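Bear in mind the structure is a predicted one, so any value in this text is a computation, not a measurement. Naming convention: chains lettered A, B, ... in sequence-line order (proteins, then strands); numbering from 1 in each chain.
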Amino acid sequence: MHEGTHAYRLAETVQRFGGERLGDPDVVITQVATLETAGPGHISVFANTRYRKQLEHTRAGAVILTQEVADATERSRIVCKDPYAYFARLSALLNPLPPVQPGIHPSAASDPSARVSPKASIGAFVAIGARCEVGDGTVVEPGCVLGSDVRVGRDCRLYANVSVYHDCIIGDRAILHSGVVIGADGFGLAWENGRWNKIPQIGRVVMGDDVEVGANTAIDRGALDDTVIEDGVKLDNQIQIGHNCRIGAHTAIAGCVGIAGSTHIGRYCRIGGSAMIGGHLEIVDNVEISGGTTVPKSILKAGTYTSLFPISSHREWLKNASHLRPLDGLVARLRELERRLLEPQEGKQ
Amino acid sequence: MHEGTHAYRLAETVQRFGGERLGDPDVVITQVATLETAGPGHISVFANTRYRKQLEHTRAGAVILTQEVADATERSRIVCKDPYAYFARLSALLNPLPPVQPGIHPSAASDPSARVSPKASIGAFVAIGARCEVGDGTVVEPGCVLGSDVRVGRDCRLYANVSVYHDCIIGDRAILHSGVVIGADGFGLAWENGRWNKIPQIGRVVMGDDVEVGANTAIDRGALDDTVIEDGVKLDNQIQIGHNCRIGAHTAIAGCVGIAGSTHIGRYCRIGGSAMIGGHLEIVDNVEISGGTTVPKSILKAGTYTSLFPISSHREWLKNASHLRPLDGLVARLRELERRLLEPQEGKQ
Amino acid sequence: MHEGTHAYRLAETVQRFGGERLGDPDVVITQVATLETAGPGHISVFANTRYRKQLEHTRAGAVILTQEVADATERSRIVCKDPYAYFARLSALLNPLPPVQPGIHPSAASDPSARVSPKASIGAFVAIGARCEVGDGTVVEPGCVLGSDVRVGRDCRLYANVSVYHDCIIGDRAILHSGVVIGADGFGLAWENGRWNKIPQIGRVVMGDDVEVGANTAIDRGALDDTVIEDGVKLDNQIQIGHNCRIGAHTAIAGCVGIAGSTHIGRYCRIGGSAMIGGHLEIVDNVEISGGTTVPKSILKAGTYTSLFPISSHREWLKNASHLRPLDGLVARLRELERRLLEPQEGKQ
């Protein structure tokens, strides 16, 4: 754990973020920590009653919790409605990003026509193409490559080895983790005379503000129109988003998800890890997809959807799975039994 | 959408690519576009009757469609057998790749023993190892790394941050998107005395001509013999191809597919997104695998194959899935009913 | 196949690694090869009786096999208990890594406060952050980026374009393949007032010794505590490991696996390709997960686990899958039949 470099009295914290303080107002908090590893200068969150034992034994200087469980500990504490959200804001306060060191590393290769803000920080071995724009306070780490005509907003952070293709637009406060690829060609092919012909991908990727993209995630440029990532979308690692997708504002997508081309996902959706979503689909707002689920058709009603085959021991699976293939036969046998047993009896009555 | 820089009269288009022109021969086309967004200088394709409404309202200067629906619009149009393939060729004409700017960027680090064509374009921060060869007209974008003894054919395009390991061979007209890794070690391990020993991976990756590889896809080198990607194979993003696989010519594989080691896939196959294909399998020519399907055994007959658990609301899934685990028991109960109901009756007759 | 540059007489091999030699002690071995492609200077392994035909026709100078099949060929051979492990060690002897060329490439950008061993080899366009440490004999290939305070042990190999975030620790003899990302932020978000707030990820990634990480795999840093990869863990390509996971020693994970945050996996586990493992789970030692399996709950008992929907032709799948959704109804119908048929009869007796 990274030791904190800032310090706040518990009373100051409550002044800043609200909540009710119980216990010593002068406890000094320098870092967030789990109940298990926290020491006297740390604050922890108790948001899940599964961790009651850890709460009992914690050495945390203070704990954030709800009114319902406010008496579960005698330690100094902050009582609030949403301890996890409170904890997030407090952690952001205690762990600010390092200050941006403006300037362009002498090894960087920036096209003379690019307009890089003097308040931006461009790392070693960064290549910036013709007519790019990079906004104030944006950090571009070593090894990133921006193609021509890329626009990156202000206060963004592109970690090492990010690649952004020509013409793509990154909004303000974006976070792109290492290995992210924005704007590669979509998988656009036309079959003719026994071979695939490539269809030029002339759309862009257009990203709103406050988007985070996890390590090694790829978002393809549009075939004709643009691929659009709306404000506040959060993407985890290893995700693939096909050409002409639209991801609605504030939707969160966990790792390893694949979304085929031209699918539109609504706002406030939550897609579980390794889900696979087919192409040309519409998924409305507020849909939750369970991890590992395959979505082969549109979802037009908010709710939670799942398609998992249940896990079992391999031995048990072998027995059960052997019945799945002839399930159609099983149904026919059941129908025959019903015919014999039920229909004649009903006929008799 | 990228505005076109070329212009063709509709009559010229038909002269070049065939098809029958209906309407104004002098309509000038500068770009392709969807029916929805097209303007007077654009040409659109009408290949799916689902978009009939968009056809009615389109402002496109011309439309490409089949004889069957030639009367569905009164706009200028090209009637042909395969509108989508026609569209692909026309789009390629209107959107040529930018001309190659030959030369080696002063920051690139090319081993003196490498032979880079003077007609190739090598970007900033490109590292080229000993004895590499790079062909005429090939573009290597910033941040790419070629290990020793790599051969890259002519008219290839390696986008930013591609890594190619030693000894691998890339054919002509290859397109490798950002983050692609060619020739990393396969997952070759031998268990001995409570630990894994690494097996040196001494094969290569050998790729034919006209191969496209999507962003962040990885193709491992062979353990002993080579991993082979035949001519015209098209790979989407985030794919993993294990050591000693062979992918047959003109096979297309969608995003997020994993193919374990030593599996041979035939020609003209189509593998849907997020499919998982086990190791040491044989899949013959002309096999289609549905997206999300797991393939644990060889497929020796052409056709379409699927293994999806159907999606439903989570509530409905909970009910249904609870019966899958004891499916073996259900079958036994059904059998017992049949024994009681059917066998005695048949015995009586 | 890479021709060998070392040569050993068969007698020397047995002296070094044990086993019983049958046939000519003076056969000179320069390389390993498959039975099919081997020539007189090559040694092959016969570990799978499926390859008996290849054994018959092999031109290999020598073959490694077990006592049980020692008579299956008359060629010179080494008889041992575990031919595959023997083969691995022999291949490592014949194919040593190229010797490390110590020194820092003039184009590399190493912070003055970094301590890079003079016996390490740092390639072109490598960026090394403040206070990093790089051990003896470690090779860092072109395009790698180490954030501040990264520690890399001795005799490691970081292939091209690897990214390691600040504070992470890589043990001795690690192999990180191209595109690997170590220490990106975990997917830590708190929902508040209609948007996601980022939770600072202040833990690290801490890796033990002898870890191998495949191409484009990403391991996220911990949210509060560290993400831990223990000694001897082997990770294939395209894997995603979420924040605060712990992977136990000598566990091997195949390609495209996703492991959500805070899951602890035991030692000596084997996870098949494209498996998906949910968050906050515990998986004990010696668990094997079949490829493509989704694990939504903890596994507290060693054994093999599976959750695959069986593959079939798409036509057959359509029939069977149509019964899965109303499986709950089927069970009710079966129950009704049992009630009618069995209960009255039992009541009569």
Give, as side chain, backbone, both or neither, the part of S107(B) having an atom under 4.5 angstrom from any heavy atom of chain A. neither
Less than 4.5 Å to any heavy atom of chain B: does that hold for the side chain of V287(A), its backbone, both, or neither? neither
Cut-off 4.5 Å, heavy atoms of chain A, and the answer for A124(B) is side chain
Pair D220(A)-D236(B), side-chain contact (heavy atoms from CB on, under 4.5 Å): steps then yes or no: CA-CA 10 Å; D220(A) 280 350; D236(B) 198 359; 4.1 Å; yes
Measure the spacing between CH2 of W196(A) and OH of Y268(B) and express it to the nearest 0.5 Å. 11.5 Å
Shortest non-hydrogen contact from S163(A) toward N161(B): OG-ND2, 3.0 Å
Are more than 12 heavy atoms, taken from residues, nucleotides or ligands other than Q54(B), located less than 6.0 Å from that residue's CD atom? yes
Residues A88(B) and A190(A): closest non-hydrogen pair is CB-CB, 3.6 Å
Just verifying a value: how many Å separate F187(A) CZ and L235(B) CG, rounded to the nearest 0.5 Å? 7.0 Å
Which pair of heavy atoms, one from Q238(B) and one from I239(A), lies closest together, and at what distance? NE2-O, 2.9 Å
To the nearest 0.5 Å, atom CD of E212(B) lies from atom CG of D185(A) at 6.0 Å
Please flag which part of A260(A) lies under 4.5 Å from any non-hydrogen atom of chain B: side chain, backbone, both or neither. neither
Per-residue contact mode, R173(B) against chain A (heavy atom under 4.5 angstrom): neither
Against chain B, label A108(A) side chain, backbone, both or neither, depending on which of its atoms sit under 4.5 Å from a heavy atom there. backbone
Under 4.5 Å from a heavy atom of chain B, the part of T293(A) involved: side chain
Is there a donor-acceptor pair closer than 3.5 Å between any side-chain N or O of Y165(A) and the backbone N or O of S178(B)? yes
At their closest point, which heavy atom of Q240(A) faces which heavy atom of C256(B), and how far apart are they? CB-SG, 3.5 Å
Which pair of heavy atoms, one from F87(B) and one from L224(A), lies closest together, and at what distance? CZ-CD1, 3.7 Å
Side chain to side chain contact (heavy atoms under 4.5 Å, CB included) partner of I311(B), chosen from L308(A), I299(A), T294(A): I299(A)
If every non-hydrogen atom of G292(B) is compared with every non-hydrogen atom of M276(A), which pair is closest and at what distance? N-CE, 3.4 Å
To the nearest 0.5 Å, what is the distance between CD1 (I289(A)) and NE2 (H314(B))? 12.0 Å
Heavy-atom pairs under 4.5 Å with chain B - which of V181(A), V162(A), V180(A) has more of them than the others? V181(A)
Say you draw a straight line from CG of D226(A) to OG1 of T37(B); how long is it, rounded to the nearest 0.5 Å? 9.5 Å
State the OH-CD distance between Y84(B) and E192(A), to the nearest 0.5 angstrom. 12.5 Å
Polar side-chain atom of D225(A) near backbone of T34(B) as donor-acceptor pair, under 3.5 Å: no
